[in-house]
Amino acid sequence: MSASYIQAPAAEMMELLEELSAFSAPGDGVTRLLYTPEWKKAQQFLLNRAGESGLTAYSDSVGNVYGKLTGTRDDGKVVLAGSHIDTVVNGGKYDGAYGVGAAFTALRYLSSVYGPPLRTLEAVSFAEEEGSRFPLTFWGSGNVTGLYDGSEAEDCRDSEGVTLLEGMKSCGLDGKEPSAPRSDISAYVELHIEQGIVLERTGMQIGVVSAIVGQRRFAVTVKGTANHAGTTPMGLRRDALAAAAEMMLQMERLAAEAGDPLVATTGRLVVTPNTPNVIPGEVAFTLDIRHSREDELEAFCASVVSAFEEIAKRRDVALDITLRLSASPAPMDSRLRAELEAICLRQGRTYKAMVSGAGHDAQLFAPRCPTAMIFVPSQDGISHSPEEYTSPEELAAGLEVLIALLYKLGYEETDEDGLVPQNTKERWT
């Protein structure tokens, strides 16, 4: 397929992304938090656009927006593609929105060129993924996959004390009767910017994601004794900050020894009393540890906890480590990965099999149905920033790959598992 073959839908997608970026709170970049006026307007815009495109447009109880291209074969199964509509504060215009815009554009294009598919295709704009307003993530896809049951809405509050349920009601969503988890999804496909620098550095056009890393987040508190900085001898101190600093450096050394793809980060540090002439009596900090293999992730976390306990004992400080998040690695479907690699070869595109170090909606679908994820490069690896950028040509390349995969899943004859047989004759060139 030549670049000119995809030119019209690529231009349509770019226009859609620009229109979506206008739904933002004032300030740099794009700020579109869950259940805000900006969010509501963006989802309504997509709902209207889907209907105008000839898709069956609808939304669910938490505000996920869908565009359905109904298949001629009534088997009750759906191939779903999309991403999330929400952003971080002062984010970019492509994180999440690109996958949404591409999915809706792909279905419109397929419908206009090929007519109804054999099996139903749906594009989705998930209500939330980032956790930027309320202290939970994947609210949109989590309701679809059964991660949440709706009870969370009554107690979960934002920084202003507004509950999730109150936020829903402000957008005209009842929230009292959450939708049951969907059991009709036969495959899920997500197109996303990489949010990293691997594709750009290696000169590759497409990333075929092999797995999304597992993640552990810990809250760590170290308690010593606050005391006078001038009158307390070094040998008699119970310095919480010195102990915490040694712990962080030890974790860094262990992570370096473990090697890629493991990463370990301390992102937040709170020192008490945080006064220049007082020895810190308490330090609270976070740990974010990620790996694509569950066993390696567990083993590393155990080694970190053991090392911290040894340091705490030696320095005579109290230590508390609390697990705040435990997400298992999510391998992508091997047959869909093979299809994506074959598509890239037919289209003459360079590609790289890679692990995603960031979390995505796809990781919730991976244990439940065949799931695939496609990356395109991010300039300088920048994301969650107004400086986030991917060229129109790179965005168009990802769209072309997505269209080809959705064509195969929606229009080709498939086996009993809902996947295209390896010997199916190609109709995309």
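Values in this document were obtained by computation on a predicted structure and should not be read as measured data.
- In this model, a donor atom of one side chain and an acceptor atom of the other lie less than 3.5 Å apart for Ser141 and Asp361.
- Listed for the Arg349 side chain is no donor-acceptor partner under 3.5 Å among the backbone atoms of Leu345.
- Ring centroid separation for the pair Trp39 and Phe23 does not come in under the 6.0 Å cut-off.
- Under a 3.5 Å cut-off, the side chain of Thr286 and the backbone N or O of Thr266 do not form any donor-acceptor pair.
- Counted by atom type alone, Thr322 and Asp320 present one or more donor-acceptor pairs between their side chains at under 3.5 Å.
- Between the side chains of Gln44 and Asn48, at least one donor-acceptor pair of N or O atoms lies under 3.5 Å.
- Across Gln363 and Ala327, no two heavy atoms sit closer than the pair NE2-CB, 4.1 Å.
- Under the 3.5 Å distance criterion, the side-chain polar atoms of Ser170 are matched with a main-chain donor or acceptor of Gly167.
- In terms of the side chain to side chain contact (heavy atoms under 4.5 Å, CB included) criterion, residue partners of Ala240 (sequence neighbours excluded) are, by chain and number, Val222, Val283.
- Applying the salt bridge (charged side-chain N to carboxylate O under 4.0 Å, His left out) test to pairs two or more places apart or on separate chains, none has a residue in residues 371-391.
- Looking only at side-chain heavy atoms (C-beta outward), Thr145 and Pro181 stay at 4.5 Å or farther from each other.
- Counting only heavy atoms from C-beta outward, the side chains of Glu128 and Leu33 never approach each other to under 4.5 Å.
- The backbone N or O of Tyr109 sits less than 3.5 Å from a side-chain atom of Ser112, completing a donor-acceptor pair.
- Between His84 atom NE2 and Ser125 atom OG the span is 9.5 Å, to the nearest 0.5 Å.
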Residue pair Trp139, Tyr148: steps toward the ring-ring contact (aromatic ring centres under 6.0 Å, His included) verdict: CA-CA 7 Å; Trp139 179 244; Tyr148 301 117; 5.2 Å; yes
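- Identified under the salt bridge (charged side-chain N to carboxylate O under 4.0 Å, His left out) test for residues 86-107, with sequence neighbours left out: Glu18-Lys93.
- Atom-to-atom distance recorded for Lys169:NZ and Leu164:CG is 11.5 Å, nearest 0.5 angstrom.
- Considering only heavy atoms from C-beta on, Ser210 comes within 4.5 Å of Arg337 through its side chain.
- Around CD of Glu252, the count of heavy atoms belonging to other residues, nucleotides or ligands within 6.0 Å does not exceed 12.
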Does the pair Ile279 and Thr225 meet the rule for a side chain to side chain contact (heavy atoms under 4.5 Å, CB included), with working shown? CA-CA 7 Å; Ile279 298 166; Thr225 301; over 6 Å; no
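- A donor and an acceptor atom, one from each side chain of Glu394 and Ser391, are located under 3.5 Å apart.
- Shown here is Lys77, whose NZ atom has more than 12 heavy atoms of other residues, nucleotides or ligands within 6.0 Å.
- Among all heavy-atom pairs drawn from Gly281 and Pro273, the shortest one is N-CD, 4.0 Å.
- To the nearest 0.5 Å, atoms CG (Leu409) and CD (Glu339) are separated by 7.5 Å.
- Counting heavy atoms from C-beta outward, Leu399 and Pro9 have side chains that approach closer than 4.5 Å.
- Glu15 contributes no side-chain N or O that, together with a main-chain N or O of Met13, makes up a donor-acceptor pair within less than 3.5 Å.
- Without hydrogens or angle criteria, Arg133 side chain to Leu34 main chain gives a donor-acceptor distance under 3.5 Å.
- The distance between the ring centers of Phe375 and His360 falls below 6.0 angstrom.
- Ring geometry for Tyr58 versus Tyr66: interplanar angle under 30°, hence parallel rather than tilted (30 to 60°).
- Although no hydrogens or angles enter the test, the distance criterion places no donor-acceptor pair under 3.5 Å between the side chain of Asp333 and the main chain of Thr371.
- Between Arg49 and Glu12 there is no salt bridge, since none of the side-chain N atoms of the basic residue sits less than 4.0 Å from a carboxylate O of the acidic one.
- Taking each heavy atom of Arg290 and Gly357 in turn, the nearest pair found is NH1-O, 2.7 Å.
- For Thr137, the side chain to side chain contact (heavy atoms under 4.5 Å, CB included) criterion is met by no residue, not counting sequence neighbours.
- Donor-acceptor pairing under 3.5 Å is recorded for the side chains of Glu190 and Ser83.
- Residues passing the side chain to side chain contact (heavy atoms under 4.5 Å, CB included) test with Glu294, sequence neighbours excluded: Arg216, Glu298, Ser328, Pro329.
- Note that the CD atom of Glu310 and the CD atom of Glu246 stand 7.0 Å from one another [nearest 0.5 Å].
- Residues Lys68 and Leu55 fail the side-chain proximity criterion, which asks for heavy atoms closer than 4.5 Å.
- Taking every heavy atom of both residues into account, Pro280 and Asp239 meet most closely at CD-OD1, 3.7 Å.
- The existence of a salt bridge linking Asp288 and Arg217 is confirmed by a sub-4.0 Å separation between a basic side-chain nitrogen and an acidic carboxylate oxygen.
- Side chains of Leu191 and Tyr98 form a contact here, defined as non-hydrogen atoms less than 4.5 Å apart.
- Ion pairing between a basic and an acidic side chain is recognised when a charged N comes within 4.0 Å of a carboxylate O; Arg293 and Asp295 show such pairing.
- Side-chain contact of Gln195 with Ser383: a donor-acceptor pair under 3.5 Å is present, judged by distance alone.
- What you find for Gly101 and Leu16 is that their closest heavy atoms are CA-CD2, 3.6 Å.
- Between the side chain of Thr87 and the main chain of Arg32, a donor-acceptor pair closer than 3.5 Å is present.
- Around the CZ atom of Arg253, the shell of radius 6.0 Å holds more than 12 heavy atoms that belong to other residues, nucleotides or ligands.
- Between Leu269 atom CG and Leu241 atom CG the span is 6.5 Å, to the nearest 0.5 Å.
- Rounded to the nearest 0.5 angstrom, Arg119 CZ and Leu69 CG are separated by 12.5 Å.
- Looking only at side-chain heavy atoms (C-beta outward), Leu406 and Leu107 come within less than 4.5 Å of each other.
- Across all their heavy atoms, Met373 and Ala362 have their closest contact at SD-CB, 3.9 Å.
- Under the 3.5 Å distance criterion, with hydrogens and angles disregarded, no donor-acceptor pair is assigned to the side chains of Tyr35 and Gln43.
- Within the 4.5 Å cutoff, the side chain of Leu319 has no heavy atoms near those of the Thr221 side chain.
- Under 3.5 Å, the side chains of Gln379 and Thr390 contain no donor-acceptor pair of N or O atoms.
- Although no hydrogens or angles enter the test, the distance criterion places a donor-acceptor pair under 3.5 Å between the side chain of Ser24 and the main chain of Thr31.
- Using a distance-only test at 3.5 Å, with no hydrogens or angles considered, no donor-acceptor pair links the side chain of Gln215 to the main chain of Leu325.
- Every residue two or more places apart in sequence or in another chain was checked for a side chain to side chain donor-acceptor pair (under 3.5 Å) with Arg157, and none qualifies.
- Within a 6.0 Å sphere centred on CD of Glu154, heavy atoms belonging to other residues, nucleotides or ligands number 12 at most.
- Relative orientation of the Tyr407 and Tyr411 rings is parallel, given thresholds of 30° and 60° on the angle between their planes.
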